[in-house]
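These notes concern the structure reproduced below.
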Amino acid sequence: LSLSDRLIVTFALRHVCSVGEGHVAVKALQVAKKLACGLDEPFRTQVVDIFNQTVMRDSCGCDSTTLDTLQSAVATGNRLKIYYQSSRDWKTTWREVDPLRVYFLQRYMYLYARTQEKSSPFRVFRVSRIKEIQKTGIFFDVCVDDGGFYKKLSNAFNFYIGESSREVKIRFKGAVIPFVVDTEWHHSQKIEWENTGSIIFSVQVAEPKEVIWWAKQFDGEVVCGN
């Protein structure tokens, strides 16, 4: 690729990460970094610096070193200690984890890991809240059971993943109907038209509150939830 082509592709991948989900967006970051590092000097240093600032820090909320460390730990089965800030009380504590997946969901990067907690062995951590990482020198089997990660991920409406799902039904009326109908908000969604011209939007998700929060922006009315 020419210099201009490399620059265009490198920063176009920022858009993939801003709207993408799953592992493809994470892989796109790795491709973009390789393209930047493949440039000749003095462009290489300048572009890598810009990439680290505009793509990694501004879009993902972390630096490339953090992502590289997490990806390496996933690939090699390296147990890590992460200094993590909780969203519940904003306290920062050390957590020992076995990194299993790094993925994007709704424009945020997450780490899915097995913890040493018996009550909740699998946890999700937002990468932007990881303040520091230390290697423990302990290795685990990379083929270990991941607790049904992909099933949990498929149950997410926005951020919350989970093993089980619950049905949520929302009634929409008036001018917002075309906007709701023309977009696939979740793979499980169903649309039922009522005689009054309104619609019933239903989904099966891990956290019903996320659907309710989303619906409020359109003045949606909760019909029922199980």
Side-chain angles (χ1 to χ4, degrees), residues 14-26 28-29 54-62 84-93 95 101-113 119-120 122-131 147-226:
R14 178 187 182 185
H15 179 67
V16 174
C17 297
S18 67
V19 300
E21 296 184 359
H23 295 85
V24 174
V26 176
L29 283 178
T54 63
V55 179
M56 295 303 300
R57 291 187 180 277
D58 295 346
S59 297
C60 305
C62 71
Y84 186 73
Q85 184 179 45
S86 171
S87 61
R88 294 181 180 179
D89 54 15
W90 302 108
K91 292 182 179 180
T92 308
T93 57
R95 309 287 293 274
R101 301 282 188 277
V102 178
Y103 65 99
F104 269 96
L105 193 60
Q106 296 293 333
R107 302 186 181 185
Y108 291 98
M109 187 185 296
Y110 294 92
L111 168 67
Y112 177 77
S119 60
S120 183
F122 297 98
R123 287 291 187 93
V124 173
F125 303 91
R126 186 177 291 188
V127 174
S128 61
R129 296 201 194 108
I130 299 177
K131 306 303 179 183
F149 169 74
Y150 288 105
K151 179 182 178 181
K152 293 177 181 176
L153 186 63
S154 69
N155 289 331
F157 186 76
N158 280 327
F159 306 109
Y160 293 98
I161 69 176
E163 294 182 13
S164 60
S165 63
R166 297 166 60 187
E167 184 181 46
V168 185
K169 291 186 176 182
I170 307 290
R171 177 180 286 111
F172 292 102
K173 305 175 182 178
V176 303
I177 290 178
F179 182 72
V180 174
V181 172
D182 288 345
T183 304
E184 183 177 341
W185 303 98
H186 193 262
H187 66 85
S188 69
Q189 76 181 47
K190 296 179 181 178
I191 305 291
E192 298 177 28
W193 288 87
E194 298 186 306
N195 294 333
T196 58
S198 59
I199 63 170
I200 300 295
F201 172 91
S202 63
V203 286
Q204 294 276 349
V205 296
E207 179 49 77
K209 289 182 180 179
E210 286 193 318
V211 184
I212 298 172
W213 297 333
W214 164 79
K216 283 183 178 179
Q217 65 183 313
F218 309 120
D219 293 325
E221 172 191 348
V222 178
V223 177
C224 68
N226 297 320

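Counting begins at 1 with the first residue of the sequence. Everything numeric in this text was worked out from a predicted model, so none of it was measured. The analysis underlying the following values was restricted to heavy atoms, covering all of them including side chains, and did not include hydrogens, waters or symmetry mates.
Taking Val176 as the reference, Phe172, Phe218 meet the side chain to side chain contact (heavy atoms under 4.5 Å, CB included) condition, with sequence neighbours excluded. Under the rule for a ring-ring contact (aromatic ring centres under 6.0 Å, His included), the partners of Tyr84 that lie at least two apart in sequence or sit in another chain are Phe125. Shown here are the side-chain hydrogen bond (donor to acceptor under 3.5 Å, both in side chains) partners of Ser87, two or more places apart in sequence or in another chain: there are none. Contacts of Glu194 classified as side-chain hydrogen bond (donor to acceptor under 3.5 Å, both in side chains), with partners at least two apart in sequence or in another chain: Arg171, Ser198.
Side-chain contact between Lys190 and Ser202 is present, with heavy atoms from C-beta onward closer than 4.5 Å. Side-chain contact check for Phe122 versus Phe149: every heavy-atom pair is 4.5 Å or farther apart. Side-chain contact between Val222 and Ile170 is present, with at least one heavy-atom pair separated by less than 4.5 Å.
Rounding to the nearest 0.5 Å gives a distance of 6.0 Å between CD of Gln204 and OG of Ser188. Taking CZ of Arg129 as the reference point, atom OG1 of Thr92 lies at 10.5 Å (rounded to 0.5 Å). Within the model, atoms CD1 of Ile199 and NZ of Lys173 stand 12.0 Å from one another, a figure rounded to the nearest 0.5 Å. The CD1 atom of Ile130 sits 11.5 Å away from atom CD of Gln85, with the distance rounded to the nearest 0.5 Å.
A side-chain hydrogen bond (donor to acceptor under 3.5 Å, both in side chains) check over residues 151-163, counting only residues at least two apart or in different chains, returns the pairs Tyr112-Lys152. Listed by first and then second residue, the salt bridge (charged side-chain N to carboxylate O under 4.0 Å, His left out) pairs that reach into residues 203-217 come to none, sequence neighbours excluded.
Nearest heavy-atom pair across Ala206 and Gly162 is CB-N, 3.6 Å. Residues Leu105 and Ala156 share a closest heavy-atom pair of CD2-CB, 4.0 Å.
Here the two rings, on Phe179 and Trp185, have centers that are under 6.0 Å apart.
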| field | Working for ring pair (Phe, Tyr, Trp, His ring centres under 6.0 Å), residues Phe104 and Tyr110 | value | CA-CA 6 Å; Phe104 269 96; Tyr110 294 92; 8.7 Å; no
| request: Decide yes or no on side chain to side chain contact (heavy atoms under 4.5 Å, CB included) for Ile161 and Tyr150, but give the supporting numbers first. | output: CA-CA 9 Å; Ile161 69 176; Tyr150 288 105; over 6 Å; no
| query | Can you check side chain to side chain contact (heavy atoms under 4.5 Å, CB included) on Val203 and Val211, steps first, answer last? | reply | CA-CA 8 Å; Val203 286; Val211 184; 3.8 Å; yes
| Chi angles and distances behind the side chain to side chain contact (heavy atoms under 4.5 Å, CB included) call for Arg126, Met109 | CA-CA 6 Å; Arg126 186 177 291 188; Met109 187 185 296; over 6 Å; no
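Of the options Val180, Val168, Val223, Ile177, a side-chain contact (heavy atoms from CB on, under 4.5 Å) to Phe201 is made by Val180 and by none of the others.
Between the side chain of Gln189 and the backbone N or O of Thr183, at least one donor-acceptor pair lies under 3.5 Å.
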